[in-house]
Amino acid sequence: GSYHSLIPKSISAYGLQVESVTDRSAEHAAELLASGHLLIALMGKGSLTQNGHFIIIAQSGLNDGKVFIADPASYENSTKEWDLELLMSELKKSYDSGGPLWAVSYPSAG
């Protein structure tokens, strides 16, 4: 297990921007992906885990609301298309440190 604060602290330490995503609809997640963000998701019990598990939602733009994920626990999961609506519905229900969904991007050029 990892502290949920690992996500925002480690991402910020590498100079990337990280923000908590409070609108966890599939539509908003797709908009964030389309605008160049990566999503870090803390998953709850469901298709990917029985307890809790971090994944990266890394690509959108596929047909019918499908996305690719990076699942550190399963190469097979990382090679399949996933329904974004399903993933959003399986986010962990208990969380802290801005989770269970974070958007990651490069800092704005200032």
Side-chain angles (χ1 to χ4, degrees):
S2 300
Y3 289 110
H4 300 168
S5 61
L6 169 73
I7 299 301
K9 287 181 179 180
S10 59
I11 291 170
S12 296
Y14 282 97
L16 298 171
Q17 289 184 332
V18 60
E19 59 189 273
S20 175
V21 179
T22 56
D23 177 353
R24 299 183 192 107
S25 66
E27 295 80 16
H28 184 65
E31 290 170 4
L32 288 168
L33 291 167
S35 69
H37 290 81
L38 292 176
L39 301 176
I40 310 294
L42 174 57
M43 304 306 295
K45 185 175 182 176
S47 304
L48 299 170
T49 183
Q50 291 302 305
N51 298 312
H53 180 55
F54 289 109
I55 64 166
I56 298 172
I57 303 173
Q59 185 179 2
S60 185
L62 300 173
N63 293 329
D64 301 324
K66 304 287 185 183
V67 294
F68 284 112
I69 67 170
D71 182 346
S74 172
Y75 176 77
E76 182 181 344
N77 285 343
S78 300
T79 63
K80 299 190 295 189
E81 293 180 11
W82 289 87
D83 183 75
L84 189 54
E85 186 76 41
L86 172 71
L87 296 174
M88 294 300 102
S89 72
E90 293 184 358
L91 291 170
K92 186 103 175 176
K93 303 299 182 229
S94 62
Y95 50 83
D96 57 14
S97 298
L101 189 64
W102 298 266
V104 179
S105 62
Y106 289 109
S108 304

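Source: prediction; values computed, not measured.
Within a 6.0 Å sphere centred on NZ of K45, heavy atoms belonging to other residues, nucleotides or ligands number 12 at most.
Looking at residues two or more places apart in sequence or on another chain, you find a side chain to side chain contact (heavy atoms under 4.5 Å, CB included) between S20 and T22. With sequence neighbours left out, the side chain to side chain contact (heavy atoms under 4.5 Å, CB included) criterion links S74 to D71, E76, N77. Under the side chain to side chain donor-acceptor pair (under 3.5 Å) criterion, S35 pairs with H37, sequence neighbours left out. For A70, the side chain to side chain contact (heavy atoms under 4.5 Å, CB included) partners are I56, not counting sequence neighbours. Take D83 and apply the side chain to side chain contact (heavy atoms under 4.5 Å, CB included) test, not counting sequence neighbours, and it matches K66, E85, L86. Take S89 and apply the side chain to side chain donor-acceptor pair (under 3.5 Å) test, not counting sequence neighbours, and it matches no residue. Among residues two or more places apart in sequence or in another chain, the side chain to side chain donor-acceptor pair (under 3.5 Å) test is passed with N51 by none.
With a 4.5 Å cut-off on side-chain heavy atoms, P100 and R24 count as touching. When side chains are defined from C-beta on, L39 does not count as touching W102, because their heavy atoms never get closer than 4.5 Å. Using a 4.5 Å cut-off on side-chain heavy atoms (C-beta onward), L48 and I69 make contact. Proximity of K92 to T49: side-chain heavy atoms (C-beta onward) are nowhere separated by under 4.5 Å. Considering only heavy atoms from C-beta on, F54 comes within 4.5 Å of I7 through its side chain.
Between A29 and L84 the shortest heavy-atom distance is CB-CD2, 3.9 Å. A pairwise comparison of heavy atoms in F68 and T79 identifies CE2-O, 4.1 Å as the closest pair. I57 approaches L33 most closely through the heavy-atom pair O-CD2, 3.4 Å. Residues L101 and A41 share a closest heavy-atom pair of CD1-CB, 3.9 Å. S97 approaches P8 most closely through the heavy-atom pair O-CG, 3.7 Å.
V104 and Y106 fall within the same hydrophobic cluster, defined by Ile, Leu, Val, Met, Phe, Trp and Tyr side-chain heavy atoms under 4.5 Å apart, directly or through other members.
Remark: D23 CG to E31 CD distance equals 8.0 Å, nearest 0.5 Å. For the atom pair M43 CE and E90 CD, the distance stands at 5.0 Å (nearest 0.5 Å).
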Could you give me the CA-CA distance, side-chain angles and deciding distance for M88 and V21, then say whether side-chain contact (heavy atoms from CB on, under 4.5 Å) is met? CA-CA 11 Å; M88 294 300 102; V21 179; over 6 Å; no
